[in-house]
Amino acid sequence: MPDGVMSDAVQTTRRIRTPFRPFRLESAKYRAVFAAKRSFYGKTLVLWVACLPDAGRKAGVVVSKRALPLAVERNRAKRLMRESFRLNRDALCEDVDILLVARSGIKGRTYQEVALDFERLCQRAKIWRKRACNASSPA
């Protein structure tokens, strides 16, 4: 097989996936999201919301060693939260930035459970577009 050419078997098993990086919140904006003081607590995560003038539906993830002491657990929690955001990003209002903070309840949860918790929190925060999108009103 020549260099740079993949066999048909390899090409069919590859998934086309949108990476999380374009939706990542810059670390300098974390402080602004925390300063907005809008947080919503779920079973697996805490959702911090900020309606900023330069917001662009971006998310940051935070996992503390206190909540999940093992690095494997912290990395899995980050993957679950990023994937929940990435797949539901289009359902969010355009003018919000969010931070997802893992709680100890995320340990051992499936993607579906984390995504359902994420959706519930977004609905409570009124940033879910499938319902009335009124992100500017305080919650």
Side-chain angles (χ1 to χ4, degrees):
M1 182 180 332
D3 289 337
V5 177
M6 288 193 257
S7 69
D8 290 333
V10 174
Q11 288 178 347
T12 57
T13 59
R14 239 186 213 176
R15 290 185 316 176
I16 297 175
R17 202 178 120 195
T18 308
F20 179 75
R21 191 167 299 281
F23 313 130
R24 181 173 284 171
L25 187 65
E26 297 83 22
S27 60
K29 291 189 179 181
Y30 276 49
R31 195 172 303 235
V33 176
F34 281 126
K37 295 184 180 178
R38 285 188 64 203
S39 61
F40 301 88
Y41 290 78
K43 293 178 182 177
T44 60
L45 54 97
V46 179
L47 175 73
W48 288 79
V49 180
C51 300
L52 304 170
D54 60 344
R57 276 191 299 186
K58 293 188 177 188
V61 294
V62 178
V63 184
S64 71
K65 284 186 181 180
R66 178 177 279 180
L68 298 169
L70 298 178
V72 172
E73 295 169 348
R74 289 193 302 274
N75 290 332
R76 184 170 190 278
K78 286 189 262 188
R79 282 196 309 272
L80 288 173
M81 292 187 298
R82 284 179 186 142
E83 192 70 1
S84 296
F85 172 77
R86 187 183 70 83
L87 294 176
N88 293 304
R89 182 177 183 267
D90 293 333
L92 299 177
C93 296
E94 290 86 7
D95 61 344
V96 296
D97 283 336
I98 64 173
L99 278 176
L100 302 170
V101 181
R103 299 186 76 182
S104 58
I106 200 168
K107 182 179 176 182
R109 300 289 181 174
T110 63
Y111 162 74
Q112 287 82 11
E113 292 169 319
V114 175
L116 184 62
D117 199 25
F118 175 73
E119 181 180 339
R120 284 185 194 139
L121 292 175
C122 289
Q123 288 173 354
R124 281 185 29 213
K126 295 183 176 84
I127 60 170
W128 196 255
R129 248 198 299 176
K130 292 181 181 174
R131 297 181 106 197
C133 181
N134 190 4
S136 60
S137 68

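Positions are given from 1 along the sequence.
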request  = State which residues pass side-chain contact (heavy atoms from CB on, under 4.5 Å) with L87; sequence neighbours excluded, sorted by chain then number.
outcome  = E83, Y111
task = Measure the spacing between CD of Q123 and CD of E119 and express it to the nearest 0.5 Å.
result = 5.0 Å
inquiry  = Suppose we screen for side-chain contact (heavy atoms from CB on, under 4.5 Å). Which residues come up paired with A50, at least two apart in sequence or across chains?
reply    = V33, A36, L52
request  = Please identify each residue that fulfils ring pair (Phe, Tyr, Trp, His ring centres under 6.0 Å) with F34, with sequence neighbours left out.
outcome  = W48
ask   = Are any of the side-chain heavy atoms of V61 and F85 separated by less than 4.5 Å?
value = no
note = Distance col, row M81:CE vs T44:OG1, nearest 0.5 angstrom, shows 8.5 Å
message = Once rounded to the nearest 0.5 Å, what's the spacing between atom CZ of R24 and atom CZ of R86?
response = 13.0 Å
message = Would the distance check show the side chain of R82 and the main-chain N or O of A59 forming a donor-acceptor pair, the cut-off being under 3.5 Å?
response = no
request  = Identify whether W128 and L116 are in the same connected component of the hydrophobic contact network (ILVMFWY, side-chain heavy atoms under 4.5 Å).
outcome  = no
query = Of the non-hydrogen atoms in L47 and A125, which two are nearest, and what is the gap between them?
reply = CD2-CB, 4.2 Å
note = Between the CG atom in L99 and the CG atom in L45, the distance rounded to the nearest 0.5 Å is 11.5 Å
key: Gap between atom CD1 of I98 and atom CZ of R89 - 0.5 Å precision   = 10.0 Å
Would you be so kind as to tabulate the donor-acceptor pairs closer than 3.5 Å made by side chains of residues 100-110, with sequence neighbours excluded?
unit_1 : atom_1 : unit_2 : atom_2 : d
R103   : NH1    : G42    : O      : 2.6
K107   : NZ     : E73    : OE2    : 3.2
R109   : NE     : G105   : O      : 3.0
T110   : OG1    : E113   : N      : 3.4
T110   : OG1    : E113   : OE1    : 3.4

query = What distance do K43 atom NZ and L121 atom CG have between them, rounded to the nearest 0.5 Å?
reply = 11.0 Å
message = Applying salt bridge (charged side-chain N to carboxylate O under 4.0 Å, His left out) as the test, list every pair that has at least one member in residues 56-66; sequence neighbours left out.
response = E26-K58
key: For S84, side-chain hydrogen bond (donor to acceptor under 3.5 Å, both in side chains) partners two or more places apart   = none
task = Write down the atom of L25, the atom of G60, and the distance for their closest heavy-atom approach.
result = CB-N, 3.7 Å
